[in-house]
Amino acid sequence: MKQLDESLLAGLPPFSRLQRGEIREILDQATPKRVEAGTEVFHEGHDAERFYLLLDGYIRVVKVTPTGEQIIALHISPGQLFGIAPALSRDTYPATAISVVESIALSWPVRLWADFTARYQGFATESYKTLGERLGEMQSRITELATQAVEQRIATALLRLVNQSGRKTQQGIEIAFPITRLNISEMTGTTLHTVSRLLSAWERDGIVASRRKHIVITDPHRLMLLSTPES
């Protein structure tokens, strides 16, 4: 992979406050990596040896419960850091990262995290801001699991994916990466049967349209109403 120009990263949150020379210093220490769809970038519990910046594609972050159930914790979009175990004061990865589609990432040895955050104030500020937002999203997910009915949780999950990655099509707003009904059940703490039943009903009602691994929100307003608790 040819050398990246620092202008490619200048608008991304970890680098948006840095000078071009500083970005160049960081880039010169990066290792590019192309990851095939469905491939693990790293595995939960393994030693955290590198941290990553996603340039293209989407990453699914997965955790396994003590009872062996798989939970999709969140999705990483292009321009975001991931695998930042040192920011959590961990020496192992807290979850597994899987490439949803063919993806391209940069990575650095974790020993450089302390150096980057100390030397480049903007890098530290934006990175920890991203971490805070992610922890906030996780807290919201926990609250949803505890307080929302299943229909609300599924509608909320679809809206979150649309806000993160939605692209306009003739039918409506399509989630930009492959997503299955099993994935949605793992995001919302419900069964595959329940997800299938609700999505089939919403398709009949003209709220969503789905084909193999792709979902389009055809009526976002009605889906938003489904995500809102009745007063």
Side-chain angles (χ1 to χ4, degrees), residues 1 4-5 7-16 32-41 52-62 71-83 97-106 126 129-130 133-134 136-138 140-141 144 151-188 192 195-196 198-228:
M1 189 179 295
L4 294 172
D5 189 272
S7 62
L8 182 66
L9 304 188
L12 304 183
F15 307 98
S16 60
K33 181 180 181 68
R34 187 182 299 273
V35 188
E36 297 297 323
T39 302
E40 285 188 4
V41 183
Y52 300 82
L53 173 77
L54 185 63
L55 293 179
D56 189 42
Y58 288 92
I59 299 293
R60 184 169 287 143
V61 179
V62 176
I71 296 173
I72 295 175
L74 49 85
H75 289 87
I76 305 297
S77 299
Q80 294 186 3
L81 292 167
F82 66 104
I98 303 170
S99 184
V100 183
V101 295
E102 183 179 285
S103 301
I104 299 173
L106 299 178
E126 292 301 317
K129 179 181 176 182
T130 296
E133 291 171 350
R134 237 173 247 170
E137 179 181 337
M138 294 299 299
S140 296
R141 293 277 301 281
E144 289 163 12
E151 184 178 63
Q152 290 174 270
R153 295 205 303 269
I154 295 173
T156 299
L158 292 178
L159 288 171
R160 183 178 287 118
L161 293 175
V162 163
N163 288 334
Q164 183 177 23
S165 72
R167 57 190 177 199
K168 290 186 178 180
T169 68
Q170 289 185 338
Q171 280 186 292
I173 306 176
E174 182 180 27
I175 296 169
F177 51 83
I179 186 86
T180 67
R181 295 184 176 194
L182 178 60
N183 294 150
I184 295 170
S185 74
E186 292 171 343
M187 291 174 61
T188 57
L192 175 59
V195 172
S196 295
L198 282 173
L199 287 185
S200 295
W202 292 350
E203 283 195 72
R204 290 193 298 270
D205 291 341
I207 299 171
V208 302
S210 65
R211 54 187 173 86
R212 187 175 180 271
K213 296 186 178 181
H214 288 276
I215 295 177
V216 179
I217 310 305
T218 50
D219 194 334
H221 178 68
R222 289 175 68 190
L223 188 66
M224 187 165 52
L225 292 177
L226 289 170
S227 73
T228 306

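Quick note: numbers below take in every heavy atom, side chains included, and nothing from hydrogens, waters or symmetry partners.
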Exercise. What distance do L182 atom CG and S196 atom OG have between them, rounded to the nearest 0.5 Å?
Worked result: 9.0 Å
For this session: Give me the one residue out of R211, K168, K213 that meets salt bridge (charged side-chain N to carboxylate O under 4.0 Å, His left out) with E174.
Result: R211
Exercise. Heavy atoms, side chains only, cut-off 4.5 Å: are V100 and P178 in contact?
Worked result: yes
Problem set entry | P220 side chain near I173 side chain, heavy-atom distance below 4.5 Å | yes
Problem set entry | Close side-chain approach of I71 to E186, heavy-atom, < 4.5 Å | no
Exercise. Looking at CG of L54 and CD of Q80, how far apart are the two atoms once the value is rounded to the nearest 0.5 Å?
Worked result: 8.0 Å
Exercise. Distance-only, no hydrogens or angles: does the Q164 side chain make a donor-acceptor pair with backbone N or O of H75 under 3.5 Å?
Worked result: yes
For this session: Check for a donor-acceptor pair, side chain of D205 on one end and backbone N or O of I207 on the other, with a separation under 3.5 Å.
Result: no
Problem set entry | Donor-acceptor pair, side chain of S99 and main chain of A37, under 3.5 angstrom | no
For this session: Taking the side chain as every heavy atom from C-beta outward, state whether I76 and R134 have any pair of such atoms under 4.5 Å apart.
Result: yes
Exercise. Any idea which heavy atoms bring I175 and L158 closest together, and the distance?
Worked result: CD1-CD2, 4.1 Å
For this session: Taking the side chain as every heavy atom from C-beta outward, state whether S210 and V216 have any pair of such atoms under 4.5 Å apart.
Result: no
For this session: Decide side-chain contact (heavy atoms from CB on, under 4.5 Å) for M187 and R160; before the verdict, give the C-alpha distance in whole Å, the side-chain angles of both, and the deciding distance to 0.1 Å.
Result: CA-CA 11 Å; M187 291 174 61; R160 183 178 287 118; 5.6 Å; no
Exercise. Are any non-hydrogen side-chain atoms of Y58 and P78 less than 4.5 angstrom apart?
Worked result: yes
For this session: Taking the side chain as every heavy atom from C-beta outward, state whether V35 and I59 have any atom pair closer than 4.5 Å.
Result: no
Problem set entry | Where P13 and G79 come nearest, the two heavy atoms and their spacing | CD-O, 3.8 Å
Problem set entry | Within-4.5 Å side-chain heavy-atom neighbours: W202 and I215 | no
Problem set entry | Closest non-hydrogen atom pair, Q152 against S227 | NE2-O, 3.7 Å
